[in-house]
There are 2 protein chains.
Amino acid sequence: MLDRLLADFDERKPAALARAVSIVENHRDGFETLLGSFQPRLGRARRIGMTGPPGAGKSTLTTALAEAFRARGLTVGIIAVDPTSPFTGGALLGDRIRMERVALDDGVYIRSLATRGSLGGLSRATRETADVLDAYGFDRILIETVGVGQSELDVARTADTTLVVLVPESGDAIQTLKAGLMEIADIFAVNKADRPGADRMLNDIEVMLGMRSGMTRGELPAHHGVDLKSAELKRKLNPSRVAREAAADDSADQWTPPVLRTIATQGEGIPKLYEALDRHHRYLERSGVLHERRLQRMRERVIETTEHRISRRLWQDPETNSWLDAQLPALERGELTPFNVADALLARSGDLITRIDR
Amino acid sequence: MLDRLLADFDERKPAALARAVSIVENHRDGFETLLGSFQPRLGRARRIGMTGPPGAGKSTLTTALAEAFRARGLTVGIIAVDPTSPFTGGALLGDRIRMERVALDDGVYIRSLATRGSLGGLSRATRETADVLDAYGFDRILIETVGVGQSELDVARTADTTLVVLVPESGDAIQTLKAGLMEIADIFAVNKADRPGADRMLNDIEVMLGMRSGMTRGELPAHHGVDLKSAELKRKLNPSRVAREAAADDSADQWTPPVLRTIATQGEGIPKLYEALDRHHRYLERSGVLHERRLQRMRERVIETTEHRISRRLWQDPETNSWLDAQLPALERGELTPFNVADALLARSGDLITRIDR
């Protein structure tokens, strides 16, 4: 059964792709065999993550980028990730409709991922779906996530290149910096750049990128009450700015995220964005960072798989569950603490955890 | 050191409370000893969770409830949980300022919890902080979470009673139902009930509660295209409605979430909400559900602690890390899969996982 699926998959039959994606996403029987057999073929596709607040126009930008790739004969897999929010469940689906323009193209495959489960589960599912698309032979994989929390940072880490999309209305750029977006962004796009406030936002991001380059990672200035528009201050904070702009060619072995202006609905800025993506990929290859990121991703896969196996082995074991239930009265009386019980549970579970169950 | 802290804590010295909270939140040395010694005293406080979309007025409602508790001489601990969103970092802090009205009262303690880390970590921290407040002797613990995703569902599970706050602008009530809020809500409050759409929202929630009572949990009607305002349909979907309203007294051993109208800024609806909280607590005690929920919480604590211990033992072990690094080249060449490596890692880690390290 799986052999047949793999043969069809190798012949690039769309039905086989859909089935493989479904088996992997739902962790149905055989998903590990499938992913295992895909393993040697991974790494051909370029994985591009895109994140930003709701309403930033990410779907439109995704569509525009997909069209640009198609125009050069490249195939595109799109993974649209919707961390289900109990309060915004409805809005996100509407976004997807905007992708219809490319949905009918045979060279484009769109998959929506949503979950009510753990967010860890969401980034795992994203990575595994991307692996299937990579093995199938898509040239580019666009991973779009809606910004509702920690999740998009995790999802972004599954990509080679991360594009952060902001809009003039996104609000205080300093908040963005503080929330860790600066750390994950390889490219910034200020979309809807014809709206008021676009210049200021571009400016603020650039200044902060300059501040970051002069700081240790994670270190932020304690005092934000400065006028970021002051040209004097900018020079002071960002002495390397001129040098950086001069070095924005392929010979640089450092990467400073470019800040681009786009109006996705009109296609404005898409060629520059396309070019920046190419340039970032060349940087990743040349610097060895691509190799590092992919090794890191592999490492995380092992850690994730290991923890998942342990949880399954422990908490699906009837005997462990009965034992745990038997401890609850003593816990309730305060004679035991959760820490004692966890230690005792581990001490008795060695064989259970380490046996190979398939 | 810890003995002194515990002695001061027993004397209800505010500085000891602050230190205990800080030790527990940051998992500093001694946090397990502290929580362990609190274990026998837990269960006195009533834990009330509150969740709802940004802008629903949760902080105002929290403040109003805290004042109502204080008016009856009850002390209140407030845990304000902000799952950090990279895109809304700024807005949430503003909310907190609204609580100033009660912040200066000695009988009220307010603690903000925010994290950029895993959401699992956030619900753990919430539960542990609530344990400290419970042990200290607060009569009521209000846990307020901002609705940005899965997190508030997890956080809600740490409470005895969960209050879901909606506003007329919250949008489609059916989305709310689908996203799992119906399953966690013990009480609904439609806040800002003087705004247009409040009646419709109240109505929709009631109808859906009726639908739920006729269904297996988790089962939802496939077709939502019905006019929920039709009284005819309501009777059809909700035959028990009249019976239910008649039974809304203390003798019922079933709980149907009441749907209340509040205008928190004016204190409207607070007495009814207060009364509903009391009534729900009596139901929890009488039905045995309180005991069940607390045992379940204890069980989850053990599971969480066990998994946390395993992760720490495995991934902080230098030898395991070197071994894992040594597998990466074969993984990269596709000779091994993450699944093989995870199995091999588990097979060699039995002693490491099961040793008792404190």
Side-chain angles (χ1 to χ4, degrees), chain A residues 32 35-36 39-41 53 83-87 89-90 116 118-120 147-153 170-172 175-176 178-181 294-295 298-299 301-303 305-307 309-311 314-315 324 327-328 331-334 337-339 341-343 345-347 349-350 353-354 356, chain B residues 32 35-36 39-40 53 83-87 89-90 116 118-120 147-153 170-172 175-176 178-181 294-295 298-299 301-303 305-307 309-311 314-315 324 327-328 331-334 337-339 341-343 345-347 349-351 353-354 356:
Chain A
E32 293 195 352
L35 285 177
Q39 186 76 14
R41 318 185 206 172
T84 309
S85 162
F87 301 111
R116 274 195 233 164
S118 69
L119 295 172
V148 296
Q150 177 63 24
S151 50
E152 70 276 351
L153 304 189
S170 294
D172 191 346
Q175 288 300 339
T176 306
K178 284 166 74 181
L181 278 184
R294 289 181 171 177
L295 281 186
M298 214 108 66
R299 206 174 197 287
R301 281 294 295 276
V302 173
I303 291 176
T305 305
T306 304
E307 293 188 342
R309 272 175 166 37
I310 292 173
S311 296
L314 281 178
W315 315 126
L324 178 50
Q327 315 304 310
L328 294 180
L331 268 167
E332 203 181 9
R333 290 190 301 267
T337 71
F339 311 106
V341 178
D343 280 331
L345 194 148
L346 283 173
S349 303
I353 291 173
T354 57
I356 294 195
Chain B
E32 293 196 353
L35 285 177
Q39 187 76 15
T84 310
S85 162
F87 301 111
R116 275 195 230 164
S118 70
L119 295 171
V148 296
Q150 176 63 24
S151 49
E152 71 275 351
L153 304 188
S170 295
D172 191 348
Q175 287 300 340
T176 306
K178 284 166 74 181
L181 278 183
R294 289 182 171 177
L295 281 186
M298 214 107 70
R299 205 175 199 286
R301 281 294 296 277
V302 174
I303 290 177
T305 305
T306 305
E307 294 188 343
R309 272 174 165 40
I310 292 173
S311 296
L314 282 178
W315 316 126
L324 179 49
Q327 313 306 310
L328 294 180
L331 268 166
E332 203 182 8
R333 290 190 301 267
T337 72
F339 311 106
V341 178
D343 280 331
L345 194 148
L346 284 172
S349 303
D351 289 346
I353 291 173
T354 57
I356 294 192

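A note on names: the letters A, B, ... follow the listed sequences, proteins ahead of strands, and every chain is numbered from 1. All heavy atoms count here, side chains included; hydrogens, waters and symmetry mates do not.
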Within-4.5 Å side-chain heavy-atom neighbours: [X] and [Y]:
X	Y	result
B:W315	A:E307	yes
B:V302	A:L328	no
A:E332	B:L295	yes

Problem set entry | Under 4.5 Å from a heavy atom of chain A, the part of B:L331 involved |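 The answer is both parts of B:L331.
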
Exercise. Which bit of B:L345 is near chain A, if near means a heavy-atom gap under 4.5 Å: side chain, backbone, both or neither?
Worked result: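 Side chain only.
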
Problem set entry | Atom pair CD1/OG1 of A:I353 and B:T306 - distance to nearest 0.5 Å |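 One gets 9.0 Å once the value is rounded to the nearest 0.5 Å.
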
Problem set entry | Rounded distance [0.5 Å steps], CG in B:D343 versus CZ in A:R309 |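 It comes to 4.0 Å.
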
Problem set entry | Pick from B:L35, B:L314, B:T305, B:D351 with the largest number of heavy-atom pairs that fall under 4.5 Å of chain A |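 Heavy-atom pairs under 4.5 Å are most numerous for B:T305.
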
Exercise. With chain A, which of B:M298, B:R301, B:Q327 has the greatest number of heavy-atom pairs at distances under 4.5 Å?
Worked result: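 When all of B:M298, B:R301, B:Q327 are compared, B:M298 has the most.
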
Exercise. Do you know which of A:Q39, A:R299, A:R333 has the most heavy-atom pairs under 4.5 Å to chain B?
Worked result: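 Most pairs with chain B among the choices: A:R299.
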
Exercise. Quick one: of A:S311, A:G36, A:P338, A:P40, who has the most non-hydrogen atom pairs under 4.5 Å with chain B?
Worked result: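 It is A:P338.
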
For this session: Answer yes if the side chains of A:E32 and B:T337 hold a donor-acceptor pair under 3.5 Å, and no otherwise.
Result: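 No donor-acceptor contact under 3.5 Å links the two side chains.
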
